[in-house]
Amino acid sequence: MKVAIIGAGIVGASAAYHLSRRADTEVILIDKDQQGKATLAGAGIICPWVSHVENPDWYRLAKEGAKFYPELVRHLEEDGESGTSYKRVGALCVSDRQEELDRIEEAVRAKKGEAPELGEVLRLDAKETRRRFPPLNEELESVFVSGAARIDGRLLREAMVRAAGKNGARIVEGEASLVSDGDRLTGVAAAGEVIDANQVIITAGAWVPDLLEPLGVRVNVQPQRGQILHIDMQDEDTSDWPVILPQSTHYMLAFDDSRVVAGATRETGSGFDYRQTVGGVHEVAGEALRIAPGLSEGTLKEVRIGFRPMGEDSLPLLGKLDEPRQVIVATGLGPSGLTMGPYVGYLAACLAMGEETGMDLSVYHPLRGASVNG
Ligand code: FAD
């Protein structure tokens, strides 16, 4: 079986990695160098149990996505890739309102039976909350969820691509396009050659509609710009600082190198407009300082910009097309792609191999609410 994968973000890298672990599969992973790749800008919070998204089909994938990580990290280590950066640092859901914290605590505890991987749930006073993340506003108390993790999407993506390469996958740099003969897909063109794959997995993030358009297939995916700040906290040891989840779409997390990441804008309708805007930086810095005034002396090192692939609802687009049959689409992971991406990539790999996934995926079908041939 020969499988071509178009797009090496977190979803495509995972699909390629999982296929490369099989002896019976020839894998070709194609990726184009361009600005705004979501995986390279993503914050890296993995904590689906406290999300505001109410949709049970979203939660199912997000929960399985978070649960999938430890095994993935173990497999990568076996393949010589130990630098994924995955770490269970826990998350502090912060608020200055007791009723809000009561509600969060109750909701997370209710999920624990079905999701023991979320770990311990603790109620922390303001002093203990601030001890764990010193820059925080001293008014904030928290609910701590110990199973929450963080990941640097860049490092994980690189680790999976490298491991796939070591397992024999061919990595091609360049823009891919689908080659068809009427309704029939005959191959994938990239870097001056046409690859005649049995199956094609399209994991091109927000760019998926451009790839499918020549086949007359329309999927509802739009780019949503996210701007996110990277702050250097000089000599602070931030390696164990937890993820901070205020009750909004803004958040913070830390990495080993004295770095705090504060995110992010959600700019629906941005198109592929790759720009750092004054309004975007102002919004994110303002929210971050309201929650954590102690960040104000940090050095603003970098503003990353990525285009989240957004479907028309909160659900990913995942499934095999009816026409042409050998195309699998996996995109639309929106703001949760680093949580779900490795698992969704694995599911896409199973679909390519015609294997049972153990999950009813019909609700995620890529053409729900869209049209074929116009
Ligand atoms: P991408 O990473 O965009 O990858 C698509 C790839 O396809 C790219 O490399 C692109 O170059 C390639 N491509 C496109 N067209 C072609 C072509 N024709 N030929 C070849 N290659 C092509 N998620 C979380 O779970 N937790 C978070 O904390 C979090 N924070 C985020 C913060 C920000 C600011 C942003 C922007 C996103 C965040 N996300 C988070 C969401 C997550 O980053 C995305 O959902 C996820 O990275 C999407 O991955 P992808 O592989 O679908 O797309």
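Counting starts at 1 for both ligands and their atoms, in listed order. Numbering of residues begins at 1 and proceeds along the displayed sequence.
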Task: Under 4.0 Å to a heavy atom of S336 - the qualifying atoms of ligand 1, by number - done: 23 (N), 24 (C), 25 (O)

TODO: Go through the side-chain N and O atoms of E236 and T238 and say whether any donor and acceptor fall under 3.5 Å apart.
DONE: no

- [ ] Specify side chain, backbone, both or neither for T203, according to which of its non-hydrogen atoms lie closer than 4.0 Å to ligand 1.
- [x] backbone

Task: Any N or O of Q34 closer than 3.5 Å to N or O of ligand 1 - done: yes

TODO: State whether the shortest distance between N or O atoms of T331 and N or O atoms of ligand 1 falls below 3.5 angstrom.
DONE: no

Task: Donor-acceptor side-chain pairing of E81 and H75 below 3.5 angstrom - done: no

TODO: May I ask you to check whether G306 has an N/O atom sitting below 3.5 Å from an N/O atom of ligand 1?
DONE: no

Task: E193/R170 ion pair, N-O < 4.0 Å - done: yes

- [ ] Test the K111-Y59 pair against the cation-pi criterion, namely NZ or CZ under 6.0 angstrom from the six-membered ring centroid and within 45° of the ring axis.
- [x] yes

- [ ] Looking only at distances, please establish whether an N/O atom of ligand 1 is found under 3.5 Å from an N/O atom of T39.
- [x] yes

- [ ] Consider ligand 1: state whether an atom of it lies below 4.0 angstrom from any non-hydrogen atom of G174.
- [x] yes

- [ ] Please confirm whether I45 comes within less than 3.5 Å of ligand 1 when only nitrogen or oxygen atoms on both sides are compared.
- [x] yes

- [ ] Step through it carefully: locate the ring centre of W207, locate the ring centre of F272, and say whether they are under 6.0 Å apart.
- [x] yes

TODO: Please write down residue, atom name and distance for the protein heavy atom closest to atom 18 (N) of ligand 1.
DONE: A176 O, 3.1 Å

- [ ] Measure the distance from atom 8 (C) of ligand 1 to every protein heavy atom, then report the residue, atom name and distance (to 0.1 Å) of the closest one.
- [x] D31 OD1, 3.5 Å

TODO: Answer yes or no: does atom CD of Q222 have more than 12 heavy-atom neighbours from other residues, nucleotides or ligands under 6.0 Å?
DONE: no

Open item on the list: For E158, is there an ion pair with R154 - N to carboxylate O distance below 4.0 angstrom?
Closed with: no

Task: Atoms of ligand 1 close to T339 [distance to a heavy atom under 4.0 angstrom, numbered from 1] - done: 24 (C), 25 (O)

- [ ] Could you find the nearest protein heavy atom to atom 4 (O) of ligand 1 and give me its residue, atom name and distance?
- [x] G9 CA, 3.4 Å

- [ ] Using heavy-atom distances, let me know which of G44, G341, G332, G42 sits nearest atom 27 (C) of ligand 1.
- [x] G44

Open item on the list: Between ligand 1 and V11, is the shortest N or O to N or O distance under 3.5 Å?
Closed with: yes

Task: Geometric cation-pi criterion, R225 with Y274: 6.0 Å, 45° - done: no

Task: Under the salt bridge (charged side-chain N to carboxylate O under 4.0 Å, His left out) test, residues paired with E355 that sit two or more places apart - done: R22

Task: From the candidates R304, R308, M340, the one that places a heavy atom nearest atom 34 (C) of ligand 1 - done: R308

- [ ] Step through the shown structure and confirm whether more than 12 heavy atoms of other residues, nucleotides or ligands are within 6.0 Å of CD on E106.
- [x] no

TODO: Identify which of G7, G65, A38 has a heavy atom lying nearest to atom 1 (P) of ligand 1.
DONE: A38

Task: Q227 N/O to ligand 1 N/O under 3.5 Å - done: no

Task: Atoms of ligand 1, numbered as shown, that sit under 4.0 Å from any heavy atom of Y251 - done: 30 (N), 31 (C), 32 (C)

Open item on the list: Quick one, K2 with D196, criterion salt bridge (Lys or Arg N to Asp or Glu O under 4.0 Å). Give me CA distance, side-chain angles, the key distance, then yes/no.
Closed with: CA-CA 8 Å; K2 191 166 172 182; D196 59 334; 3.0 Å; yes

Open item on the list: Regarding ligand 1, does F307 bring an N or O atom to under 3.5 Å of one of the ligand's N or O atoms?
Closed with: no

Task: Distance-only N or O hit between ligand 1 and P335, under 3.5 Å - done: yes

Open item on the list: Show me which atoms of ligand 1 lie under 4.0 Å from any heavy atom of I10.
Closed with: 49 (O), 51 (O)

- [ ] Count the heavy atoms of every other residue, nucleotide or ligand shown that sit under 6.0 Å from CD of E173, and state whether that count exceeds 12.
- [x] no

Open item on the list: How long is the straight-line distance from CG of L351 back to CD1 of I201, given to the nearest 0.5 Å?
Closed with: 8.0 Å

Task: Residues forming a ring pair (Phe, Tyr, Trp, His ring centres under 6.0 Å) with Y343, sequence neighbours excluded - done: F68

Task: R290 and E287 ion-paired at < 4.0 Å - done: yes

Open item on the list: Tell me the protein heavy atom at minimum distance from atom 46 (C) of ligand 1, and give that distance in Å.
Closed with: G337 CA, 3.8 Å

Task: Heavy atom of the protein closest to atom 21 (N) of ligand 1 (residue, atom name, distance) - done: K32 N, 3.1 Å

Task: ligand 1 to I228 polar contact by distance, N or O atoms, under 3.5 Å - done: no

TODO: For the pair R109 and E105, find out whether any cationic side-chain nitrogen is under 4.0 Å from an anionic carboxylate oxygen.
DONE: yes

Task: Proximity winner for atom 53 (O) of ligand 1, if only heavy atoms of G345, C47, G205 are counted - done: G205

Task: Per-atom contacts, ligand 1 versus E175 - under 4.0 Å to a heavy atom - done: 18 (N), 19 (N)

TODO: Pick, from A204, A8, A43, the option with the minimum heavy-atom distance to atom 5 (C) of ligand 1.
DONE: A204

TODO: Around atom 41 (C) of ligand 1, find the nearest protein heavy atom and jot down its residue, atom name and distance.
DONE: G334 O, 3.1 Å

